[in-house]
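What follows is a set of notes on a single structure, which appears directly below.
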Number of protein chains: 2
Amino acid sequence: MADDGHRSYCPINLSLEIFGDRWTLLVLRDMMFANKRHFREFLQSDELIATNVLADRLKLLVEQGIVTRADDPTHKQKAVYSLTEKGIALLPIIVQIGAWSSRYVPAAKKLDRRARAVIRELQEGGPALWTRAMAELRERHLGAAARTPA
Amino acid sequence: MADDGHRSYCPINLSLEIFGDRWTLLVLRDMMFANKRHFREFLQSDELIATNVLADRLKLLVEQGIVTRADDPTHKQKAVYSLTEKGIALLPIIVQIGAWSSRYVPAAKKLDRRARAVIRELQEGGPALWTRAMAELRERHLGAAARTPA
DNA sequence: GAGTTGTGGTTGCGTTTTGCAACTGGTTGC
DNA sequence: GCAACCAGTTGCAAAACGCAACCACAACTC
């Protein structure tokens, strides 16, 4: 069908072409829920992503307009990654995935109680709570620009 | 952390270990929205999944309890795949992904108008509509058992 | 100002997964 | 009997992944 590199124009497929792998959503999870912004921080997570894979995914996310990369003024060699509106809009998906998993995947029971409580709260809070969480992300990642729209 | 084969017990991670690839959710999409139930039917989709990959994914979905496989009484060599409750519960995730994609991925604009209308409807219908769609899937995939719970 | 630590990566290489095409063994309809 | 249909399997090349070592540079320590 598509001859511009896409397997099809189905929205599900287009999404999978972007984050249909074992790592991309974990990076976004860390940005959203652990407030990670620097390269080294992403390496600390339990899943132990490799540096080359992380570099590749961050590059891809920037290319897709889901994340931006900026120099950190406090440290000339530090890069800061921020979510864009497109990236923040992925929050409901990640929350839904978390909810499904903690409900249906047996191994999720092994997660510590505190983390499960966060999941449950986000789930029970429903769309209204997601909206607030997204607003908070806008504050942190888009800064003043988000408060004074054109 | 985990030494039972899991990279971590984070629900997001556990989900990605199951369907974090380019194909699995497409198979489920076809089951949910195109009512595909037979091996050959899945091969017809635009994305042209290969037979070995499809066989592998169906096997995995059965192992995970997301899908069941049964012999088709009308044809000794036909297999029928059905969603379980665990599989049906993935509908909100798929809908959210579709909504995000059609909103933020430029190429999704190339999808034909009719399909986009379906997406929009499911999105605007909100959780209430998802519940109805899921009930319909229970009817088709779980049959009488779903109407007369233990 | 020398040494240690912290920064975002890159490179090389072996293993695993994916994608493609051809093929298999059995069933059904005519 | 024979063509079409069914759910896969097999073999092989290409791509992605995972690991570990390495790099250039900045900043902090003393």
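These numbers were taken from a predicted model, which means no experiment stands behind them. So that the names make sense, note that chain A is the first sequence line, chain B the second, and so on, each numbered from 1. For the numbers below, each heavy atom of this structure counts, side chains included, while hydrogens, waters and symmetry mates do not.
Here chain B contacts DNA chain C (any atom closer than 4.0 Å to a heavy atom, that is under 4.0 Å), and the contacts span dT18(C) to dT28(C) from 5' to 3'. A 4.0 Å heavy-atom criterion places the boundary nucleotides of DNA chain D facing chain A at dC17(D) to dA27(D), written 5' to 3'.
Between Glu85(B) and Arg138(B) there is a salt bridge, with a side-chain nitrogen of the basic residue lying less than 4.0 Å from a carboxylate oxygen of the acidic one. Taking a cutoff of 4.0 Å between a charged side-chain nitrogen and a carboxylate oxygen, Arg57(B) and Asp21(B) qualify as a salt bridge. Salt-bridge check for Glu17(A) with Arg7(A): passed, with a basic side-chain N closer than 4.0 Å to an acidic carboxylate O.
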Taking only distance into account, with no hydrogens and no angle test, what donor-acceptor pairs under 3.5 Å do side-chain atoms of residues 25-35 of chain A form with protein atoms, sequence neighbours excluded?
| unit_1 | atom_1 | unit_2 | atom_2 | d |
| --- | --- | --- | --- | --- |
| Arg29(A) | NH1 | Glu47(A) | OE2 | 2.9 |
| Arg29(A) | NH2 | Glu47(A) | OE1 | 2.9 |
| Asp30(A) | OD2 | Ser45(A) | OG | 2.6 |
| Asn35(A) | OD1 | Arg140(A) | NE | 3.2 |

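Residue pairs satisfying the salt bridge (charged side-chain N to carboxylate O under 4.0 Å, His left out) criterion with at least one member in residues 60-70 of chain B, sequence neighbours excluded, are listed as follows: Lys59(B)-Glu63(B), Arg69(B)-Asp71(B). Applying the side chain to side chain donor-acceptor pair (under 3.5 Å) test to every pair with at least one member in residues 122-135 of chain B, sequence neighbours left out, gives no pairs at all.
Using N1 to N3 plus N6-O4 or O6-N4 for Watson-Crick, or N1-O2 and O6-N3 for G-U wobble, each under 3.5 Å, dG14(C) pairs with dC17(D).
Contact check of residues 53-77 of chain A against DNA chain D (heavy atom, cut-off under 4.0 Å) returns Arg57(A), His75(A), Lys76(A), Gln77(A).
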Under the ring pair (Phe, Tyr, Trp, His ring centres under 6.0 Å) rule, what do Phe42(B) and Trp23(B) come out as? Steps first, then yes or no, please. CA-CA 11 Å; Phe42(B) 295 110; Trp23(B) 293 109; over 10 Å; no
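For the 3.5 Å distance criterion, the side chains of Arg116(A) and Ser102(A) fail to qualify, holding no donor opposite an acceptor.
Judged by distance alone, the side chain of His38(B) and the main-chain N or O of Ala79(B) form a donor-acceptor pair under 3.5 Å. Checking side-chain atoms of Ser101(A) against main-chain N and O of Pro11(B) turns up a donor-acceptor pair under 3.5 Å.
Residues Ala50(A) and Tyr81(B) each lie close to DNA chain D; by heavy-atom proximity, the contact nearer the 5' end of the strand is made by Tyr81(B).
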